[in-house]
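Worksheet: the structure to be examined is printed underneath.
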Amino acid sequence: MNCDGPWNSELDFEEMVRCALGRETTAGIHSLRCPDVYVGRLRDLAYRPPSHHLGYWQLADSATARYGRPASPCLVLVLESPHVDEFDPTHCYTPWPANGPTGRSIGRYASRLSVLLNVPLDTGLVLLNAIPYQCSQGNSGGGSEWQKRRDEVFSYSWAQASTKALFHARLRHWVRPGDMVVNACTAGLRRTKARLRDLVDAEMTKALDTTVTRFRMHHPAGWRRRDLAEHLIDCKS
């Protein structure tokens, strides 16, 4: 994997949003970064109280440990970008990836995910967003409006070399030989020129070597609607 900078460096996301949405200034643009985190073992997530989102039920002993990971193989789950719940100030951990219904779905299906992907329940889980900033810029305008914004901002930002370099650096920080990486990004709206999941997958192919097993799945927010196996798209290894 090639890395052009530190894994925790920042993007000029305000300017990217301004350009993507055709705004004159960066005023009012949400640019807080959502961290990548090690959540804990699948075994423990399966017994997490349903009312607790993943940030509330944090296994790591300290703030520093959340940004590290064990030496044993992990499952690295990649989402496309944080939305609203990830920045909810009423949560005790904010910002936090999958900090709402998405996280509850991951916890609910942790045991079945272990069986589906054929990994031990003691496997650790790392969560990260391909773009760790709020591409949707909130949920104003209704579902189709914020989804359209998300797709436009994500696609424009992903086309920038700095965004791809940061993604490569973050994968280099988190992923180790023997890990399993799951691309669970949303596909985006049908009118999007290139599906968001496919954009991310192309960069994963460049960044990861053959010692890493890769799968593609539908976004966890939809796992609750059907049998989990129906949400497995394919294996990329």
| task | Tell me whether L113 is reachable from I233 by hopping between hydrophobic residues (I, L, V, M, F, W, Y) whose side-chain heavy atoms are closer than 4.5 Å. | result | no
| request: Would you give the length of the straight line joining atom CE of M204 to atom NE2 of H168, rounded to the nearest 0.5 angstrom? | output: 10.0 Å
| request: First locate atom CD1 of I131, then atom SG of C34, and finally report the distance between them rounded to the nearest 0.5 Å. | output: 13.0 Å
| query | Would D201 and R214 pass as an ion pair if we require N to O under 4.0 Å? | reply | yes
| Going by the angle between their ring planes, with limits at 30° and 60°, are Y109 and W223 parallel, tilted or perpendicular? | perpendicular
| request: Would you please test E203 and K206 for salt bridge (charged side-chain N to carboxylate O under 4.0 Å, His left out) and show each step? | output: CA-CA 5 Å; E203 289 306 310; K206 297 175 185 178; 3.1 Å; yes
| remark: Closest non-hydrogen contact found for T102 with A221 is OG1-CB, 3.8 Å
| request: Using atom types as modelled and distance alone, determine if a side-chain donor or acceptor of H83 lies under 3.5 Å from a backbone N or O of S136. | output: no
| request: Measure from the side-chain N and O atoms of E80 to the backbone N and O of R197, and report whether any donor-acceptor pair falls under 3.5 Å. | output: no
| said: I'd like to check the side-chain contact (heavy atoms from CB on, under 4.5 Å) partners of P132; sequence neighbours left out, ordered by chain and number. | reply: R33, R170
| Any side-chain heavy-atom pair of R172 and W7 under 4.5 Å | no
| Is the backbone N or O of S157 less than 3.5 Å from a side-chain atom of Q160, with the two atoms forming a donor-acceptor pair by type? | no
| remark: Taking every heavy atom of S105 against every heavy atom of P220, the minimum-distance pair comes out as OG-O, 2.8 Å
Could you list the donor-acceptor pairs under 3.5 angstrom formed between side-chain atoms of residues 118-128 and any protein atom two or more places apart in sequence or on another chain?
from: D122; atom 1: OD1; to: R41; atom 2: NH1; distance (Å): 3.3
from: D122; atom 1: OD1; to: R43; atom 2: NE; distance (Å): 2.8
from: T123; atom 1: OG1; to: P120; atom 2: O; distance (Å): 2.7

| note | Between D179 and C74 the two heavy atoms that sit nearest each other are OD1-N, 2.8 Å
| Does R150 use its side chain to pair, donor to acceptor, with the backbone of C135 at less than 3.5 Å? | no
| message | Please determine whether residues L11 and V200 belong to a single hydrophobic cluster, defined as Ile, Leu, Val, Met, Phe, Trp and Tyr linked transitively by side-chain heavy-atom distances below 4.5 Å. | response | yes
| field | Any donor-acceptor N/O pair, N183 side chain to C185 backbone, under 3.5 Å | value | yes
| Can you check whether L42 reaches S111 side chain to side chain, under 4.5 Å on heavy atoms? | no
| Between R104 and D85, is there a salt bridge with N-O shorter than 4.0 Å? | no
| query | Between T213 and C235, which heavy-atom pair has the shortest distance, and what is it? | reply | CG2-SG, 4.4 Å
| field | Beyond-backbone contact of L117 with L232, side-chain heavy atoms, under 4.5 angstrom | value | yes
| Can you tell me how far the OG1 atom of T186 sits from the NE2 atom of H218, to the nearest 0.5 Å? | 9.5 Å
| said: To the closest 0.5 Å, what do you measure between CG (D36) and CG (L171)? | reply: 9.0 Å
| Do the non-hydrogen side-chain atoms of Q134 and N129 ever get within less than 4.5 Å of each other? | no
| field | Distance in Å, R69 CZ paired with W174 CH2, rounded so as to fall on 0.5 Å steps | value | 8.5 Å
| request: Give, for atom CZ of R176 and atom OG1 of T211, the distance between the pair rounded to the nearest 0.5 Å. | output: 12.5 Å
| Does the distance from a Lys or Arg side-chain N to an Asp or Glu carboxylate O, for K148 and E145, drop under 4.0 Å? | no
| note | Which of F154, W158, F87, F13 passes ring-ring contact (aromatic ring centres under 6.0 Å, His included) with Y133? Answer is F13
| query | What are the two closest heavy atoms between S144 and L189, and how far apart are they? | reply | O-CD1, 4.2 Å
Name each donor-acceptor pair under 3.5 Å that joins a side chain in residues 14-25 to protein atoms two or more places apart or in another chain, with its distance.
from: E14; atom 1: OE2; to: S31; atom 2: OG; distance (Å): 3.2
from: E15; atom 1: OE1; to: R18; atom 2: NE; distance (Å): 3.1
from: E15; atom 1: OE2; to: R18; atom 2: NE; distance (Å): 3.2
from: E15; atom 1: OE2; to: R18; atom 2: NH2; distance (Å): 2.7
from: R18; atom 1: NH1; to: R23; atom 2: O; distance (Å): 3.1
from: T25; atom 1: OG1; to: A27; atom 2: N; distance (Å): 3.3

| field | pair M217-L116: side-chain heavy atoms closer than 4.5 Å | value | yes
